[in-house]
Number of protein chains: 2
Amino acid sequence: MRRAENISIETLRGRFAEAGLRFTRQREAVWNLFARSRRGFSVAEAARALGKKRIGPATVYRTVALLEEMGLLGRIHDERHEHRFVACTPGHVHHLVCTNCGRVVEFEACGIPILERLLAAETGFSVEGHHLEIYGICSKCREAAK
Amino acid sequence: MRRAENISIETLRGRFAEAGLRFTRQREAVWNLFARSRRGFSVAEAARALGKKRIGPATVYRTVALLEEMGLLGRIHDERHEHRFVACTPGHVHHLVCTNCGRVVEFEACGIPILERLLAAETGFSVEGHHLEIYGICSKCREAAK
DNA sequence: GTTGTTGCAAACAGTTTGCACGAAA
DNA sequence: TTTCGTGCAAACTGTTTGCAACAAC
């Protein structure tokens, strides 16, 4: 397991510069919104929240797509199967999602590659990647239910 | 791994009867559409296809939700992250998805429960379930690309 | 005959697009 | 100054809801 540790604004600015992209107040605001949330947001929710700061929905949609491509936002699904995004540490991580409060914890899953090799051998697929999410109830929610 | 083997219409009728639900021509048509496809459909696609048979979109949405609850349709995500549904054998299965043609193969993943126990111990979550999809290129698509 | 289901139409929510203006570099 | 990025508004697509008519059982 890995403790989530979001990248700093300076690092983020650097990532944009490397990619030849501009670092605008809108992009910073979108990142901050996600970086400060343990639960993440659907893009529509984020667009509503950022609308108050005079950032248009189109910008939010474009920016979330950009951050996802850069590997800075990860995609999860909530209990209603809605797409949500959470800030995630770069690299290959998966998410453990609380189905009650929506809190998300990152983890690494080292067992999957073996399964992938087995499947490749048995099915003839050449495996390229995978998506794994685990659902449960976090300890705070279990305490609260008592 | 498990070879997909769809249930018969008679079995399906029985499942509906057990649940106190009616087995209508619309529900049969929705099931047939999915049962005959290796690729599955988004609900919108299914609604378009079934519209030609005078089945309204509302019915398709309601029926797909019903079949999913009954465990007869499984949810996957295509290369554009769009939700798609595929007929699946009852029980706990996962899907291997071809990112080129969309073909879906079911499999069982026996390694996950161990990971779940580890995560439960390390994070304090009580784990309830998981969702795993593996992506790759099927052998037919690899042949075709040569 | 009852009662669950359906089709329709309307309302809605989420998302994308084009383009003139504005602001990073 | 030069692009790239943004806001706005409009257009779409996907999805849900209410209700009268219909068809399983």
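Hydrogens, waters and symmetry mates play no part in the numbers below; they use all other heavy atoms, side chains included. Every chain is numbered from 1 and lettered A, B, ... according to where its sequence line falls, protein lines coming before strand lines. These figures come from a predicted structure and were not determined experimentally.
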Measure the distance from [atom1] on [X] to [atom2] on [N] and round it to the nearest whole Å.
X: Leu66(A); N: dG5(D); atom1: CG; atom2: C1'; result: 11 Å
X: Arg80(B); N: dT16(C); atom1: CZ; atom2: P; result: 11 Å
X: Phe23(A); N: dA23(C); atom1: CZ; atom2: P; result: 17 Å
X: Glu28(A); N: dA24(C); atom1: CD; atom2: P; result: 11 Å
X: Glu82(A); N: dG14(C); atom1: CD; atom2: P; result: 7 Å
X: Phe41(A); N: dA13(C); atom1: CZ; atom2: C1'; result: 19 Å
X: Arg54(B); N: dA9(C); atom1: CZ; atom2: P; result: 12 Å
X: His83(A); N: dA13(C); atom1: NE2; atom2: C1'; result: 16 Å

Practice task
Give a yes or no on whether the ring-centroid distance for Phe41(B) and Phe85(B) is below 6.0 angstrom.
Solution key: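 That pair fails the under 6.0 Å test.
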
[N], OP1 or OP2 - any side-chain N/O from [X] closer than 4.0 Å?
X: Thr24(A); N: dT6(D); value: yes
X: Tyr61(B); N: dT15(D); value: yes
X: Gln26(B); N: dA24(D); value: no
X: Arg27(A); N: dT6(D); value: yes

Just compare [options] and give me whichever is closest to any side-chain atom of [X].
X: Ala44(B); options: dT15(D), dG5(D), dG7(D); result: dT15(D)
X: Arg48(A); options: dG14(D), dG7(D), dG14(C); result: dG14(C)
X: Ala58(B); options: dG7(D), dC8(C), dA23(D); result: dC8(C)

Exercise for the section: Return yes if a side-chain donor-acceptor contact under 3.5 Å exists between His83(A) and His77(A), otherwise no. Expected result: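 Their side chains do contain a donor-acceptor pair, which is all the 3.5 Å distance test asks for.
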
Exercise for the section: Return yes if a side-chain donor-acceptor contact under 3.5 Å exists between His92(B) and His130(B), otherwise no. Expected result: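 Yes, because at least one side-chain N or O of His92(B) sits under 3.5 Å from a partner of the opposite role on His130(B).
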
Problem - Charged N-O contact under 4.0 Å between Arg84(B) and Glu45(B) - result: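 Salt bridge present between Arg84(B) and Glu45(B).
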
Practice task
Mind checking Arg62(B) for me? I need base, sugar-phosphate or nothing, with any heavy atom below 4.0 Å counting as a touch.
Solution key: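 Since a base atom lies under 4.0 Å of Arg62(B), the category is base.
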
Handout entry: First of Val60(A) and Arg22(A) reached from the 5' end of DNA chain D, by closest nucleotide
Key =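 Upstream on the strand: Arg22(A).
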
Exercise for the section: For Ile55(A) and for Val43(B), find the nucleotide of DNA chain D with the closest heavy atom, then tell me which residue's nucleotide is more 5'. Expected result: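 Comparing both residues, the 5'-ward one is Ile55(A).
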
Practice task
Say whether Ile7(B) and Phe23(B) are linked into one hydrophobic cluster, either directly or through other cluster members, by side-chain heavy-atom distances under 4.5 angstrom.
Solution key: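 Yes, it is one cluster - the side chains of Ile7(B) and Phe23(B) are joined through contacts under 4.5 Å.
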
Problem - Residue met sooner reading DNA chain C from 5', once Arg25(A) and Gly20(B) are mapped to nucleotides - result: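 It is Gly20(B) whose nearest nucleotide is closer to the 5' end.
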
